[in-house]
Colleague: 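Pasting a structure below so you can have a look.
The chain is numbered in sequence order, starting from 1.
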Amino acid sequence: MIFKSLPLIFFVLCFHSFTTADLNSDEEALLTFAASVSHIKKLNWSHQKSICSSWIGVRCTTDNTRVRTLKLPGFGLNGSIRADTLGKLDALKVLSLRFNYLIDLPPDVSTIPSLRSLFLQHNNLPRIMPSLSSRLNILDLSYNSLKGAIPQVFENLTQIRSLFLQNNSLSGPIPDLQLPNLKHLNLSYNNLSGAIPLSLQGFPKESFLGNPFLCGTPLPQCPETPGHKRSIWKTEGVTIAIASGVSIILILLVILILVCFFKRKHRQQSSREPGQSGTIEKPEGNSSAEEPERRGLVFFDKSSHNFDLEDLLRASAESIGKGSHGTTYKAFLEDGTTVVVKRLKDVVIRKREFEQHMEMIGRIRLHPNIVPLLAYYYSNDDKLLIYDYVPSGSFSSLLHGSKVAGCTHTSWESRVKVALGAARGIAHIHIESGGNLVHGNIKSSNILLTPELDACVCDYGLAPLFGSATALTPSRIVVGYSSPEVIETRQYTYKSDVYSFGVLLLEMLTGRAPLRSPGHDDLADLPRWVQSVVREEWTTEVFDAELMLNRKVEEEMVRMLQIAMSCIATTPDQRPTMEEVMRMIEGIRRSDSGQTVLGEEQA
Ligand SMILES: *[C@@H]1O[C@H](CO)[C@@H](O)[C@H](O)[C@H]1NC(C)=O
Ligand SMILES: *[C@@H]1O[C@H](CO)[C@@H](O)[C@H](O)[C@H]1NC(C)=O
Ligand SMILES: *[C@@H]1O[C@H](CO)[C@@H](O)[C@H](O)[C@H]1NC(C)=O
Ligand SMILES: *[C@@H]1O[C@H](CO)[C@@H](O)[C@H](O)[C@H]1NC(C)=O
Ligand SMILES: *[C@@H]1O[C@H](CO)[C@@H](O)[C@H](O)[C@H]1NC(C)=O
Ligand SMILES: *[C@@H]1O[C@H](CO)[C@@H](O)[C@H](O)[C@H]1NC(C)=O
């Protein structure tokens with residue numbers, strides 16, 4: 001498949017511009033800077049032109065009172081930046097001077113209190129700045145000439161989320177940094193040595209590549225060398241065997257504690273968040289400075305993301321799907337995160353209703369089997385939904401994609417795991433919304449998968465945005481998955497979700513997509529086909545040939561088929577609830593282990 005990369009800015013937006021007196025000091029600072037550092041590409045800055053609209057690389061706050069962003073990538077800036085130039089831009093939030101020839105950044109710049117993102121990758125900086133603003137979210141110093149140890153100053157970066165130091169010449173041990181918000185770390189291709197500290201062992205090995213003297217989780221275990229701390233055991237007469245046994249147990253314990261710790265932390269965060277999303281933000285703290293700039297995007301969890309509409313629109317993006325609800329993009333943000341942006345079309349409801357509906361979706365979004373909605377944006381011209389990006393494909397591609405890629409992935413166990421996860425996610429939507437939200441668009445391509453095959457339900461709860469029954473055009477109906485009453489009345493209910501889920505189970509059991517090509521009516525209605533075959537008592541004929549290779553699971557498949565059949569009952573009242581469906585699937589897995597034991601005893 002070929003994707004086109006294009007900037008999201010094409011969502012044409014207008015930024016009005018008029019200069020005010022507050023800008024004068026920023027203007028002076030920038031002009032002094034331009035005069036004091038040599039550069040190759042021309043800076044077309046001049047007093048005659050409006051700083052906020054015509055100065056290359058400069059962007060202002062939305063009220064055009066201060067310079068907010070300065071980005072001069074690849075301008076051939078050479079040498080040092082003088083103190084008292086950029087350091088005076090004390091409302092600056094984003095500074096990007098990547099791909100230049102800088103050898104120094106003065107302390108008054110690196111400590112600007114408002115600074116959140118500092119991009120200095122691909123320069124010739126010889127050392128890490130001795131002082132840094134403790135409120136930085138992103139620091140990129142990769143591809144420089146940094147030497148020496150990672151300094152203590154990093155412990156002060158309590159707000160840091162992304163830290164990039166790869167491809168430098170840093171040496172010495174990695175300090176035990178306690179950085180609670182750190183999500184992206186890259187220390188690859190340096191000359192760091194020693195054991196990776198506990199606090200950083202949760203990062204992948206790609207964060208530490210190319211440091212030949214570095215060891216410990218997630219890299220290979222550190223060697224036992226004489227003079228190593230643990231050799232104390234040997235001097236006390238304990239054999240090497242016991243010592244290494246003890247160390248393995250210790251390592252296992254540490255891993256176990258870490259896993260528990262991370263899980264708990266994760267859970268604590270999750271349980272805190274719903275409260276936050278519903279309440280109005282307190283005026284204290286940093287919100288006053290940030291609020292006007294964030295205007296537009298409404299975040300559910302304000303602490304965890306630091307991009308605004310402008311960042312989003314300028315991110316490079318690729319279109320990953322076009323559906324009846326609009327177009328979906330994958331957007332790559334400058335801090336290294338990827339999000340999914342859904343641009344809705346034909347939304348009929350008003351702003352207030354839209355906001356209320358989003359609030360409702362926001363309340364149910366925190367569940368491991370649901371793709372979280374991070375933020376939304378509403379204007380007359382555009383309605384955007386911003387979601388977390390789930391990297392590993394969908395249930396649809398798993399079932400119908402290239403068979404070469406994953407024979408093992410389409411095993412019965414994997415399918416049941418995905419189905420159970422999806423059932424939990426959908427049941428959560430039904431239960432948590434207290435009767436106000438249905439999924440309304442259940443299909444295998446809307447069940448996304450993590451690399452561990454945990455199902456993440458997406459595209460939920462959007463049907464009401466597109467208006468009442470009459471406004472619903474036939475193209476909005478999810479062909480193949482829609483229950484008879486949806487096709488007739490165009491109303492989505494809990495029970496129509498259950499029907500669609502039943503079709504999904506049939507799809508997983510038979511390996512057939514509910515809709516083939518439009519011309520082939522015989523296969524188009526999967527439920528009817530299955531019902532007819534089952535009536536004729538050829539039950540096992542319906543199953544995916546790939547699954548039938550394993551006779552042991554046949555019993556489970558028949559039970560799953562029974563669940564699916566109850567879901568696709570024609571009368572909504574006869575269908576179980578999603579919670580009951582979830583329990584029944586859980587039941588299959590539980591009795592499975594019991595049966596195997598029984599079978600072995602009889603044999
Ligand atoms: C400076 O360059 C930018 C980008 O090329 C352009 O948008 C802007 O109008 C220019 N400003 C002036 C004063 O020429
Ligand atoms: C940067 O400036 C130095 C000294 O003025 C000069 O030798 C060097 O060639 C310049 N580098 C580039 C890339 O222009
Ligand atoms: C860290 O911050 C504290 C207070 O904010 C300050 O006193 C200390 O000097 C800082 N440490 C470094 C290494 O910058
Ligand atoms: C940077 O890292 C890459 C690995 O991606 C490595 O192959 C390369 O040699 C490094 N480049 C420099 C300039 O150090
Ligand atoms: C890397 O560090 C090791 C010791 O940790 C040292 O022996 C070696 O010389 C260093 N290599 C470079 C290229 O600095
Ligand atoms: C870190 O940088 C290296 C070299 O550029 C790259 O190969 C690696 O994938 C990066 N690691 C992460 C976690 O992004």
Colleague: Drop me the distance from Asp104's CG to Ile81's CD1, to the nearest 0.5 angstrom.
Modeller: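 Reported to 0.5 Å precision, the distance equals 8.0 Å.
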
Colleague: Show, in sequence, the C-alpha distance, side-chain angles and deciding distance for Phe208 and Leu200, and conclude whether the side-chain contact (heavy atoms from CB on, under 4.5 Å) test is met.
Modeller: CA-CA 10 Å; Phe208 306 100; Leu200 302 179; 4.2 Å; yes

Colleague: Give me the ring orientation class for His122 and Tyr143: parallel if the planes are under 30° apart, tilted from 30 to 60°, perpendicular past 60°.
Modeller: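 Rings of His122 and Tyr143: parallel, as their planes differ by under 30°.
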
Colleague: Quick check on side chain to side chain contact (heavy atoms under 4.5 Å, CB included): which of Leu448, Asn446, Val371 does Asp459 satisfy it with?
Modeller: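 Among Leu448, Asn446, Val371, the one meeting side chain to side chain contact (heavy atoms under 4.5 Å, CB included) with Asp459 is Asn446.
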
Colleague: May I ask you to test the Phe164-His184 pair for a side-chain heavy-atom distance under 4.5 Å?
Modeller: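 With C-beta onward as the side chain, the pair touches.
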
Colleague: Tell me, with the steps shown, if Asn167 and Ser142 meet side-chain hydrogen bond (donor to acceptor under 3.5 Å, both in side chains).
Modeller: CA-CA 6 Å; Asn167 283 81; Ser142 59; over 6 Å; no

Colleague: Kindly give the heavy-atom pair with the smallest separation between Ser50 and Trp55, and that separation in Å.
Modeller: O-CD1, 3.5 Å

Colleague: Measuring only between side-chain heavy atoms, which start at C-beta, is Cys215 closer than 4.5 Å to Leu219?
Modeller: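 The answer is no; the side chains never approach within 4.5 Å.
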
Colleague: Determine whether a donor-acceptor pair (N or O, by modelled atom type, separation under 3.5 Å) exists between the side chain of Ser36 and the backbone of Thr32.
Modeller: yes

Colleague: Hey, could you give me the CD1/CG distance between Ile40 and Leu77, rounded to the nearest 0.5 Å?
Modeller: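 Ile40 atom CD1 to Leu77 atom CG measures 9.0 Å (nearest 0.5 Å).
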
Colleague: Using modelled atom types only, decide if a donor and an acceptor are shared between the side chain of Gln201 and the backbone of Ile196 within a distance under 3.5 Å.
Modeller: yes

Colleague: Looking only at heavy atoms, what is the nearest atom pair of Phe332 and Thr338, with distance?
Modeller: CD2-OG1, 3.8 Å

Colleague: Start with the C-alpha distance between Asn78 and Val37, add both sets of side-chain angles, then the distance that settles side-chain contact (heavy atoms from CB on, under 4.5 Å), and finish with yes or no.
Modeller: CA-CA 7 Å; Asn78 188 359; Val37 65; 5.9 Å; no

Colleague: If we only count heavy atoms from C-beta on, is the Arg59 to Arg68 side-chain gap below 4.5 Å?
Modeller: no

Colleague: Is a donor on one side and an acceptor on the other found under 3.5 Å between the side chain of Asn100 and the backbone of Leu72?
Modeller: yes

Colleague: List the steps and the verdict of side-chain contact (heavy atoms from CB on, under 4.5 Å) for Leu43 and Phe75.
Modeller: CA-CA 9 Å; Leu43 294 171; Phe75 272 66; 3.6 Å; yes

Colleague: Looking only at non-hydrogen atoms, find the nearest pair between Val94 and Lys71 and report the distance.
Modeller: CG1-CE, 3.8 Å

Colleague: Less than 4.5 Å apart, any side-chain heavy atom of Leu136 and any of Leu118?
Modeller: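 Touching, per the 4.5 Å side-chain cut-off.
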
Colleague: Atom SG in Cys456, atom CD1 in Ile447: separation rounded to 0.5 Å?
Modeller: 9.5 Å

Colleague: From Ser444 OG over to Leu399 CG, what is the distance, rounded to the nearest 0.5 angstrom?
Modeller: 6.0 Å

Colleague: Side chain of Asn211, backbone of Leu187: donor and acceptor closer than 3.5 Å?
Modeller: yes

Colleague: Taking side chain as C-beta onward, heavy atoms only, is Asp108 less than 4.5 Å from Asp84?
Modeller: yes

Colleague: Heavy-atom count check: over 12 atoms from other residues, nucleotides or ligands less than 6.0 Å from Tyr101 OH?
Modeller: no

Colleague: Determine the minimum heavy-atom distance between Arg424 and Asn369, stating which atoms define it.
Modeller: CB-OD1, 3.6 Å

Colleague: Of all heavy-atom pairs between Pro180 and Gln178, which one has the smallest distance, and what is that distance?
Modeller: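 Distance-wise, the nearest heavy atoms are CD-O, 3.4 Å.
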
Colleague: Whether the side chain of Trp45 engages the backbone of Leu30 through a donor-acceptor N/O pair (distance < 3.5 Å, no angle test) should be reported.
Modeller: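 Looks like no, no N/O pair under 3.5 Å.
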
Colleague: Go through Tyr389 and Lys330 one step at a time and tell me if the side-chain hydrogen bond (donor to acceptor under 3.5 Å, both in side chains) criterion holds.
Modeller: CA-CA 8 Å; Tyr389 172 62; Lys330 191 165 129 189; 3.2 Å; yes

Colleague: In the structure I gave you, are the side-chain heavy atoms of Arg66 and Lys93 within less than 4.5 Å of one another anywhere?
Modeller: no

Colleague: Return yes if some donor-acceptor pair links the side-chain N/O of Asn181 with the main-chain N/O of Arg161 below 3.5 Å, else return no.
Modeller: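 Side chain of Asn181 to backbone of Arg161, a donor-acceptor pair under 3.5 Å: no, none is there.
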
Colleague: Using only atom types and a distance under 3.5 Å, with no angle test, would you say the side chain of Asn44 pairs donor to acceptor with the backbone of Ile56?
Modeller: yes

Colleague: Has Asn168 got a side-chain atom pairing as donor or acceptor with Leu165's backbone, closer than 3.5 angstrom?
Modeller: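 Such a contact is found between Asn168 side chain and Leu165 backbone.
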
Colleague: Measure the spacing between OG of Ser207 and CG of Leu182 and express it to the nearest 0.5 Å.
Modeller: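 The OG atom of Ser207 sits 8.5 Å away from the CG atom of Leu182.
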
Colleague: Report yes or no: does Asp26 contribute a side-chain atom to a donor-acceptor pair with the main-chain N or O of Leu23 at less than 3.5 Å?
Modeller: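 Checked: no pair found.
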
Colleague: Just wondering, more than 12 heavy atoms not from Lys88 lying within 6.0 Å of its NZ?
Modeller: no

Colleague: Mind checking whether Glu155 and Leu177 have side chains closer than 4.5 Å, heavy atoms only?
Modeller: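 SC-SC contact between Glu155 and Leu177 confirmed.
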
Colleague: Taking Ser188's backbone N and O only, do any of them form a donor-acceptor pair with Asn186's side chain (distance below 3.5 Å, no angle check)?
Modeller: yes

Colleague: When you compare the side chain of Val340 with that of Leu385, does any pair of heavy atoms fall below 4.5 Å?
Modeller: no

Colleague: Using the side-chain contact (heavy atoms from CB on, under 4.5 Å) rule, take Phe154 and Ile160 through it: C-alpha gap first, then chi angles, then the decisive distance, then the call.
Modeller: CA-CA 9 Å; Phe154 277 33; Ile160 198 91; over 6 Å; no

Colleague: So, taking the atom named CG in Leu115 and the one named CZ in Arg135, what distance separates them when rounded to the nearest 0.5 Å?
Modeller: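 CZ of Arg135 is found 11.0 Å from CG of Leu115.
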
Colleague: Do you know the tightest heavy-atom contact between Leu89 and Ala29?
Modeller: CD2-CB, 4.1 Å

